[in-house]
Amino acid sequence: MDTKPGNNFLHTVIADDLAAGRVQTVVTRFPPEPNGYLHVGHAKSICLNFGLAERFGGHCHLRFDDTNPEKESQEFIDAIQEDVRWLGYQWAGDVRFASAYFEQFFDWALHLVRNADAYVCDLNAEQAREYRGTLTEPGRNSPFRSRSVEENLDLLQRMRAGEFEEGSRVLRARIDMASPNMNMRDPILYRIRKVPHHQTGDAWVIYPTYDFAHGQEDAIEGVTHSICTLEFEDHRPLYDWLIEHLPVPTRPRQYEFGRLNLNYTVTSKRKLKALVDEGIVSGWDDPRMPTIAGMRRRGFTPASIRTFCDMIGVTRSDGVVDVAMLEHAIRDDLNTNAPRGMCVLNPLKVILTDLPETHREVLTAASHPSREDLGSREVPFTRELYIDADDFREEANKKYKRLVLGKRVRLRNAYVIEATEVVRDEAGEIIAVHARTIPGTLGNDPADGVKPKGVIQWVSASEGRRATVRLYDRLFTHEAPDRGDNAYLEWLNPESLRVVEGAWIEPALAAARPEQGFQFEREGYFVADRYDHTAENPVFNRTIGLRDTWAAAGEDA
RNA sequence: UGGGGUGUCGCCAAGUGGCAAGGCACCGGGUUUUGAUCCCGGCAUUCGUAGGUUCGAAUCCUACCACCCCAGCCA
């Protein structure tokens with residue numbers, strides 16, 4: 001696929017910085033907060049940050065922005081690292097933690113206080129909100145704004161020492177309560193939180209806010225281009241203000257891009273967490289989740305996700321990408337790389353009455369129609385087979401290209417057969433179809449010139465294997481489930497998962513390795529489940545169906 | 001009504017004064033032992049709107065309109 005990442009505005013910025021000598025080596029970073037699993041939106045950021053470093057011969061750090069211990073945990077730290085690695089990226093040096101810089105941040109807080117650039121404020125949250133003003137009215141100065149340097153120093157040390165209650169005091173930057181930018185109205189730098197931190201234990205009872213941490217982390221690490229999403233644009237003046245007022249070692253610059261929005265998908269962390277907590281999905285890695293872990297379990301490949309990120313580009317406008325693009329990326333990858341196999345989801349027995357009971361023939365089928373390097377597999381052909389019930393009709397018009405009573409169809413990789421009779425149970429339901437093989441049709445058209453109407457997949461009834469196949473579909477039926485606060489729950493697709501316990505697969509598929517992807521011909525792309533699949537109890541997840549212009553056209557025969 | 005952004009085909013997106021790339025989707029046709037893939041063809045006289053500058057504008061200027069973000073001691 002032509003996904004040559006063209007040029008985006010960041011390429012231009014960086015190329016200019018390099019050319020002008022403002023930057024020697026590009027350093028970027030992917031800075032997740034470990035408070036949830038990574039999702040497809042993060043994948044865009046990961047591809048961007050690591051991709052930029054790769055493209056310009058620089059480095060990209062993985063840094064946990066762990067400044068809010070209440071919502072964070074080691075589970076997320078582990079999962080995030082695994083996801084980044086799985087996507088195929090390796091961060092420069094060790095994993096970094098904002099919490100590792102807490103002592104430095106505190107020193108810098110003292111620095112601001114000494115320069116009268118910060119003060120300890122005793123307003124509670126509600127009062128602070130009142131003093132902050134509104135979007136259209138300026139705020140008012142806090143009554144604690146003019147405390148002496150000495151008093152502020154003393155108070156800040158005592159905040160750290162744990163002498164004050166949570167919420168009773170904060171450290172604030174002294175900037176401008178009348179600024180039209182709310183972020184500049186004496187933003188909070190430190191708050192008191194008497195909770196243990198997953199990295200620093202109980203060493204701290206005050207924690208820096210995002211604003212007082214992020215730019216400084218970047219500066220410490222020598223990040224040259226700090227790339228974040230559009231909603232942080234208003235924070236840039238504060239980011240720059242702190243860099244200017246602190247004796248930081250380097251001067252990183254912040255750039256913003258538009259975050260990824262996907263239709264039929266929810267990416268709000270809160271909503272994703274609710275889907276997990278309320279048991280609507282089986283976990284963060286449920287194959288229906290747009291998380292990296294979920295997509296992995298669904299059968300997406302790292303390459304397909306990276307291709308997708310290249311396809312959608314990077315700009316400063318916010319749009320909604322059609323999930324069809326993501327689907328195209330994975331279909332394209334699997335079409336060229338996944339071995340083929342045959343699977344019958346809704347079995348209907350076919351008895352080839354012209355063959356003896358003991359008939360057994362081992363056919364060889366190419367694993368891929370055009371990739372000879374993928375080799376072949378053996379497929380046993382026997383008297384009794386299963387085909388999909390949808391692939392047989394007693395009568396149909398000429399548009400129906402499958403098996404019809406009295407007509408012929410080609411069994412994929414095998415013979416042409418002709419249906420001769422239907423067998424019914426007492427209730428009149430069709431329970432089997434009798435058919436005969438047309439001699440000499442292995443690799444050839446029938447000698448009598450009567451060509452088969454179509455090609456269908458099949459599995460030997462005596463040698464095929466039973467398998468559990470999970471048919472996944474989009475989780476939401478609404479194009480914009482993320483809209484509103486909780487409307488998404490009303491748009492849940494009741495058919496997002498259909499489990500087929502009685503599917504039949506050709507023997508070779510049972511030997512699949514977990515996470516191995518296949519195309520089940522005429523059905524779609526499937527992956528052996530990462531956790532549940534075994535040779536004894538095969539479990540496959542449908543990654544995505546084949547493009548189906550027949551069904552899409554609403555055709556019927 | 002304060003500040004910060006964004007507006008190019010149904011969706012994403014190139015384009016940076018010289019006469020609208022590409023991808024997705026869609027619609028035709030061909031090949032095909034997957035109604036898949038692949039191949040060929042079609043798909044913006046027009047760039048949020050209205051004026052203006054210019055030989056020439058999506059690109060410059062002016063005004064207007066629409067949408068997104070900001071009033072967490074979240075990130």
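Residue numbers begin at 1 in each chain, while the letters A, B, ... track the order of the sequences.
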Is A:Arg371 close enough to B:rC38 that one of its side-chain N or O atoms is under 4.0 Å from OP1 or OP2 there? no

Within less than 4.0 Å of OP1 or OP2 of B:rC74, is there a side-chain N or O belonging to A:Arg191? yes

Distance under 6.0 Å and angle within 45° of the ring axis: does A:Arg140 meet both against A:Tyr131? yes

If you measure from the Lys or Arg side-chain nitrogens to the Asp or Glu carboxylate oxygens, is any gap between A:Glu217 and A:Arg63 under 4.0 Å? yes

Has A:Tyr210 got its ring stacked on the base of B:rA75, with centres under 5.5 Å and planes less than 30° apart? no

Can you say whether a donor on the side chain of A:Arg547 sits under 3.5 Å from an acceptor on the base of B:rG35, or the other way round? no

Nearest nucleotide by nearest heavy atom, which residue falls closer to the 5' end of RNA chain B, A:Ala324 or A:Asn35? A:Ala324

OP1 or OP2 of B:rC73 versus the side-chain N and O atoms of A:Arg193: is any pair under 4.0 Å? no

Nearest to the A:Met325 side chain among B:rA75, B:rC24, B:rA13, which nucleotide is it? B:rC24

Short side-chain N/O contact to B:rG3 OP1/OP2 from A:Ser179, under 4.0 Å: no

Regarding B:rG3, can its base be found pairing with the side chain of A:Asp234 as donor and acceptor, where the two atoms are less than 3.5 Å apart? yes

Looking only at side-chain atoms of A:Glu233, point me to the closest of B:rC24, B:rG5, B:rA71. B:rG5

Checking N1-N3 plus N6-O4 or O6-N4 for Watson-Crick, or N1-O2 and O6-N3 for wobble, each under 3.5 Å, the partner of B:rC9 is none

Within 45 degrees of the ring normal and closer than 6.0 Å to the centroid, is that where the cationic atom of A:Arg193 sits relative to A:Tyr207? no

Are any of A:Thr315's side-chain N or O atoms less than 4.0 Å away from OP1 or OP2 of B:rC12? no

Between B:rU37 and A:Arg331, counting only base atoms on the nucleotide and side-chain atoms on the residue, is there a donor-acceptor pair under 3.5 Å? no

Given A:Phe212, which partner from the list A:Tyr239, A:Tyr190, A:Phe102 fulfils the ring-ring contact (aromatic ring centres under 6.0 Å, His included) test? A:Tyr190

Hey, does the side-chain of A:Gln519 have a donor or acceptor N/O within less than 3.5 Å of a partner on the base of B:rU34? yes

